[in-house]
Every structure is written in structure tokens, then in C-alpha cells.
Amino acid sequence: MFLSASCTRRPSVTMRLSIPRCCLEPNVYTEVPDGGWGWAVALAFFMVEVCTYGTLKGLGVFLDDLMEEFRESNSRVSWVISICAFMFTFTAPLSTWLSNRFGYRPVVMMGGFLMSLGTIGSAFANSINEMYITVGIVTGFGYCFAFLPTLTLLTQYFSRRRALVTSVASSGESFALFAFAPALSALKQHIGWRDCLVLLGFVQASVIGCGFLLRPIIIKPECAKDDSEKDSLSVERMQAVYELENEQTKVFINSGASRGSEDSGVTSLSASNVDLKAALKLEEEMELEETLCTVPETKAGPLQPPGPKLLDVSVLREPAFVCYALFGLFATLGFFAPQLYVIKLSKSRGVETTMASSMLSVMAVTEIFGRLTVGLVLSRVSCKKTLVLLSYIVLLGLVLLAFTIVWEFWGLLLCCALYGYFMGTVGSTHIPMLAEEDVVGIHRMPSCVGVYVFIQSFGGLAGPPLSGVLVDVTENYGAAFFSCAVGVGLSAICLALVGPAKSGMCKKPSREKNEEEETISHSSEQPDSLEVDLVPENLQQPKEQD
């Protein structure tokens with residue numbers, strides 16, 4: 001009966017192992033592929049950028065329509081974008097936890113469903129408060145669930161090309177802004193702004209399909225030798241240790257027999273003991289290497305230790321990360337308000353309505369070039385990449401200040417072009433820059449990115465309403481750009497402190513490590529000297545009795 005039962009079980013096991021791999025299973029690599037299935041993930045991230053940041057910034061086209069429909073002020077209507085941007089980033093820790101717990105694919109698919117549901121539901125809103133819920137909360141949740149896991153997985157598929165690929169894939173935001181701004185402006189005159197939102201909701205539903213492309217990646221380092229070679233080498237090492245032990249015993253006996261030269265026996269014993277310790281140390285190192293080769297596979301990211309943290313809050317104790325998080329907090333003040341108010345700023349300074357609408361398209365086109373060129377620059381520079389980002393953020397702040405003093409059409413057009421370019425360089429790199437060793441590194445990025453984006457969310461919450469309040473008080477749309485310039489200036493100061501904070505933090509642990517090594521080496525030498533000193537006394541004791 002037992003034999004028959006075992007025979008019936010074997011075919012089922014064979015059938016289970018013969019199932020071919022499909023696109024739903026994880027990819028296993030011996031090292032970061034820098035391509036492969038990562039190109040499919042890059043395509044998915046491009047579409048996610050179109051449906052998240054692209055549509056969020058394109059909502060500025062409906063600003064006047066919402067004010068007329070609900071009879072609200074600039075600041076009240078701006079809260080729709082502000083709440084959406086806040087939920088987009090505030091729920092980042094939750095998105096990170098869910099992605100590390102259940103995988104990237106189901107979280108992104110849920111995000112696509114929520115953003116589509118919220119955008120379509122906003123078309124039936126009867127007040128601005130209802131849009132706070134539909135666009136602000138529901139769609140904001142969907143944005144976060146779709147965007148952050150896709151970006152995190154994309155950074156794990158690339159190493160050398162990471163900056164270039166992420167910047168190119170993130171250009172989907174710019175392509176969407178370039179296409180949506182004129183298309184929605186023309187389309188809403190025929191079908192109305194509500195039907196335009198329904199159409200946007202169906203476009204955003206494509207993110208559900210993009211979730212299927214997110215195959216997890218597993219990095220399994222290839223061992224240098226196979227099992228048979230390891231076994232033979234292990235036997236050889238044990239034989240070498242055994243021979244050293246025998247040699248030590250012979251030297252010990254010979255030293256006791258030769259009473260004429262006591263020092264020679266002690267010297268030989270000490271040398272043999274050192275060789276034995278070196279062999280044992282080599283044995284321990286080889287066992288450690290074998291253990292590392294059999295570490296359980298993880299899906300959180302490449303080359304990570306087993307059992308990664310679902311959400312790493314300990315980075316808040318690192319000065320470098322805190323400075324970088326403050327950089328993201330203040331920089332976000334200038335990420336959304338310019339797109340909302342550039343059309344009204346142009347109209348207030350004498351630009352025709354048709355020409356004012358083209359300002360967003362100019363921003364989008366130059367933003368594409370910014371995202372493409374920054375990837376090439378970061379892949380070739382030899383200095384720290386945070387310094388390159390610092391130069392771009394300083395230039396972005398100067399352009400925002402220029403908006404407040406320029407009144408001509410061509411001057412505004414030039415400011416829009418420069419803003420789009422530098423916005424593209426900063427917007428496509430500030431989150432992937434977490435993977436650099438200057439900040440937290442690629443190993444800790446999957447569990448730290450949620451904390452960073454969470455802190456950044458408060459800047460997105462305060463940016464558009466603060467700009468709207470300044471516009472209502474001063475009756476000058478240039479005040480919105482001035483507040484953005486102040487925020488970007490503060491972010492530049494915080495980013496400049498990342499390097500000194502990182503170097504200052506790294507000096508203390510290294511010094512403590514050296515002290516510990518010296519203490520261990522000093523303590524390890526003491527037993528050996530005691531053992532050698534006691535051996536001659538034991539050998540001489542029978543001689544004295546005689």
C-alpha cells in the first residue's frame with residue numbers, strides 16, 4: 001500500500017515541475033540585469049507617468065471652469081489639486097508596506113482602479129467639497145499605489161543605466177502634459193469639462209493592464225564552485241588541519257624529550273599554533289561563503305539580506321537622509337503651482353488666450369528634453385550626483401524668480417521653456433537619487449522611499465493653496481511664483497547639506513570599528529602567550545622531582 005501510494009504521487013510532482021514559466025513569475029538573475037524584462041517595466045512606468053503626474057498637472061486646464069461652475073475662489077479650487085498631490089505622497093508609507101508585503105503587481109492594479117474611479121466620479125460632483133473626495137482622496141490614493149511601486153521596481157532592474165532609464169521613462173508626464181493641455185482645452189468647448197473627466201478616467205484605467213508587466217526581480221548570486229568541488233575542498237582543508245594537529249603533537253613531544261634546548265620546543269609550538277589558527281580561520285571564512293550562497297531569495301530588491309524591513313523608519317536618525325527629505329519637502333512647493341497659474345499669469349500680462357494656453361505645451365516640450373539630457377549627464381559625470389542635482393535646483397529657483405519680473409510674451413515664453421527644462425531634470429531624479437550611496441543606497445531604497453515621499457507630501461499640500469492665498473491677497477499672479485522660488489531656495493540649502501552630513505556620519509562608525517578591531521586583536525594575542533608560557537613549566541616539573 002505504501003509503495004502504491006508513493007507511485008501515485010510521483011506523476012503529480014512531475015506535472016507540477018513541468019509547468020512552463022509565464023510572465024506572472026519572478027525573474028531570477030545572478031546580478032542586476034541592466035535591461036531584460038526591465039524594459040517592459042520601463043514601458044509600464046511611462047504609462048503610469050502619463051496617467052498620474054501627467055493628468056494631475058493637466059487639471060489646471062479646468063481651473064476657470066471649476067471656479068465658474070461652483071463659484072469659488074482660486075484658493076478653494078486649488079485645494080482640489082493640493083489634496084490630490086498630498087494623498088499622492090502622504091500615503092507613500094502605506095504603498096511601500098503593501099508592496100513589500102503583497103507584491104508590486106496587485107498594489108499597482110488597485111491603484112489603476114482607484115484613480116479611474118475617482119476621476120470618473122468627479123464628473124458627477126455637484127460641489128467643490130465633493131471634488132475634494134473624488135479627485136483629492138480617491139484619485140490621490142490611486143496615484144500613490146500606481147506610481148511608487150512601479151518606480152521602485154524599475155530602479156531594481158537597472159544599475160549602470162538607472163539614471164538614464166528612469167529619466168526617459170518619466171518623460172511620460174511631459175508627453176501627457178504636451179498632449180492633454182491643448183487637446184482638453186479644445187475638447188471641453190465641444191463636450192464640456194465633465195465629459196472630459198470621464199474620458200480621462202477611462203485612459204487611466206490602462207494602468208490596470210500595466211500592473212501585469214511588473215514581474216518581481218530576484219537577485220541570486222552565483223556560487224563560485226559547485227557542490228562537488230566544495231565537498232572535495234572541504235575534505236582537503238580538514239586533512240590539512242589534521243596534519244597540522246599531528247605536527248603540533250610531534251613538536252610537543254620532541255620538545256619534551258630534548259631537555260638540552262628548551263627554547264626550540266616553545267618556538268616550534270608557537271609557529272605551529274599560528275598555522276593552525278590560520279587554517280581554522282580559512283575554514284570559517286569558507287563556511288561563511290557557503291552560507292551566503294544559500295541565503296533565501298527575496299523579492300524586495302537586488303542583493304538584499306533576508307527578511308527586509310517593510311518600512312524602514314530608522315533612516316530618520318541619519319542626518320543625510322533628514323537633509324535630503326527636507327530638500328524634497330521644500331522643492332515640492334514649486335512642482336505644481338506654476339502649471340496651475342501660468343495661463344492666468346500670461347493673460348494678466350496681456351497675452352492672448354490662445355497664446356497663453358500654449359505656455360503649458362512649451363513647458364511640456366522642454367521638460368522632455370530636460371528628462372532625457374539629465375540621464376545622459378548623470379551616467380557620465382564623475383562627481384557626486386547630488387551635486388549635479390543641486391546645480392539644477394539652484395537654476396530652477398532663479399527661473400521662478402524671473403517669472404515675477406517678466407511682462408512680455410517672449411520673456412514669459414523663455415521662462416516657461418527654462419522652467420520646463422529644469423523641472424524635468426529635478427522631477428525625474430529626486431526620487432531615484434535615493435538609490436545612490438550618497439543618500440541611502442539601492443539596498444535600502446525599497447523600504448525608505450515611502451518615508452521620503454511621505455515627508456515630501458506636506459510640501460505638495462501647502463504649495464497650491466499658499467500660492468492661491470497670495471494671489472487673492474495681492475491680486476498678482478506673480479506672487480504664486482515668488483512663493484515657489486522661496487521654497488526651491490530653501491530646498492537648495494538642504495540639499496547642499498546632504499554631503500557634509502553623510503561624511504560626518506560615516507567617520508564616527510569607522511573610528512569605533514577600528515578601536516573594536518584593536519581590542520579584539522589585543523585580547524586574542526593574550527591567551528596564546530599564556531598557553532606557550534605554561535607548557536615549559538609542565539614539562540620541567542617531572543625533571544625537578546627526579
Side-chain angles (χ1 to χ4, degrees), residues 53-54 57-61 63-64 167 170-171 173-185 330-377 388-430 463-464 467 470-471 474-492:
Y53 274 114
K57 293 183 177 180
L59 292 178
V61 176
L63 193 62
D64 290 334
S167 60
S170 64
S171 63
E173 169 189 345
S174 306
F175 279 104
L177 187 61
F178 172 74
F180 288 166
L184 293 176
S185 298
F330 292 117
T332 312
L333 295 174
F335 283 0
F336 301 102
Q339 288 84 355
L340 292 177
Y341 293 104
V342 66
I343 296 179
K344 288 199 168 188
L345 176 69
S346 302
K347 291 180 180 180
S348 66
R349 297 184 177 179
V351 180
E352 297 181 0
T353 304
T354 55
M355 301 299 293
S357 300
S358 64
M359 295 294 179
L360 281 177
S361 299
V362 173
M363 282 186 177
V365 172
T366 56
E367 189 173 341
I368 295 173
F369 285 101
R371 292 175 182 271
L372 296 179
T373 56
V374 71
L376 296 175
V377 172
V388 180
L389 180 60
L390 177 61
S391 62
Y392 286 132
I393 200 71
V394 170
L395 293 174
L396 179 63
L398 295 177
V399 172
L400 288 170
L401 282 177
F403 272 105
T404 62
I405 59 177
V406 174
W407 289 83
E408 298 179 355
F409 168 76
W410 293 108
L412 290 172
L413 189 67
L414 179 61
C415 289
C416 290
L418 292 176
Y419 173 82
Y421 179 82
F422 293 119
M423 182 61 202
T425 59
V426 175
S428 61
T429 56
H430 72 102
S467 301
L470 292 176
V471 169
T474 61
E475 296 182 356
N476 181 11
Y477 288 98
F481 292 84
F482 180 78
S483 64
C484 295
V486 173
V488 172
L490 293 175
S491 69

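Just so you know, these numbers come straight off a predicted model, no measurement behind them.
You'll find the side chain of Leu345 reaches within 4.5 Å of the side chain of Phe481, heavy atoms only. Counting heavy atoms from C-beta on, the side chains of Val399 and Leu395 never come closer than 4.5 Å. Side-chain contact check for Leu333 versus Ser483: every heavy-atom pair is 4.5 Å or farther apart. Residues Phe482 and Leu401 meet the side-chain proximity criterion, which asks for heavy atoms closer than 4.5 Å.
Residue Leu372 holds its CG atom at 8.5 Å from OG of Ser170, rounded to the nearest 0.5 Å. Note: Ser428 OG to Tyr392 OH = 9.5 Å, rounded to the nearest 0.5 Å. In this structure, His430 NE2 and Ile393 CD1 are separated by 9.0 Å, a value rounded to the nearest 0.5 Å.
Residues passing the side chain to side chain donor-acceptor pair (under 3.5 Å) test with Ser171, sequence neighbours excluded: none. By the side chain to side chain donor-acceptor pair (under 3.5 Å) test, Tyr341 is found to be paired with Ser78, residues two or more places apart in sequence or in another chain being considered. In terms of the side chain to side chain donor-acceptor pair (under 3.5 Å) criterion, Ser185 has no residue partners (sequence neighbours excluded).
Closest non-hydrogen pair, Thr425 versus Gly370, comes out as CG2-O, 3.4 Å. Taking each heavy atom of Gly397 and Ala485 in turn, the nearest pair found is O-CB, 3.9 Å. Shortest non-hydrogen contact noted between Ala356 and Ile343 is O-CG1, 3.7 Å. Nearest heavy atoms, Ala492 versus Leu390: O-CD1, 3.3 Å. Smallest separation of non-hydrogen atoms from Gly424 and Arg371: O-CG, 3.3 Å. Taking each heavy atom of Glu367 and Ser174 in turn, the nearest pair found is CG-OG, 3.1 Å.
Within a 6.0 Å sphere centred on CZ of Phe403, heavy atoms belonging to other residues, nucleotides or ligands number more than 12.
Residues in residues 345-361 take part in these salt bridge (charged side-chain N to carboxylate O under 4.0 Å, His left out) pairs, two or more places apart or across chains: Asp64-Lys347. Residue pairs satisfying the salt bridge (charged side-chain N to carboxylate O under 4.0 Å, His left out) criterion with at least one member in residues 397-410, sequence neighbours excluded, are absent.
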Name every donor-acceptor pair, under 3.5 Å, that has one atom in a side chain of residues 412-423 and the other anywhere in the protein, sequence neighbours excluded.
{"from": "Tyr419", "atom 1": "OH", "to": "Gly334", "atom 2": "O", "distance (Å)": "2.7"}
{"from": "Tyr421", "atom 1": "OH", "to": "Thr373", "atom 2": "OG1", "distance (Å)": "3.0"}

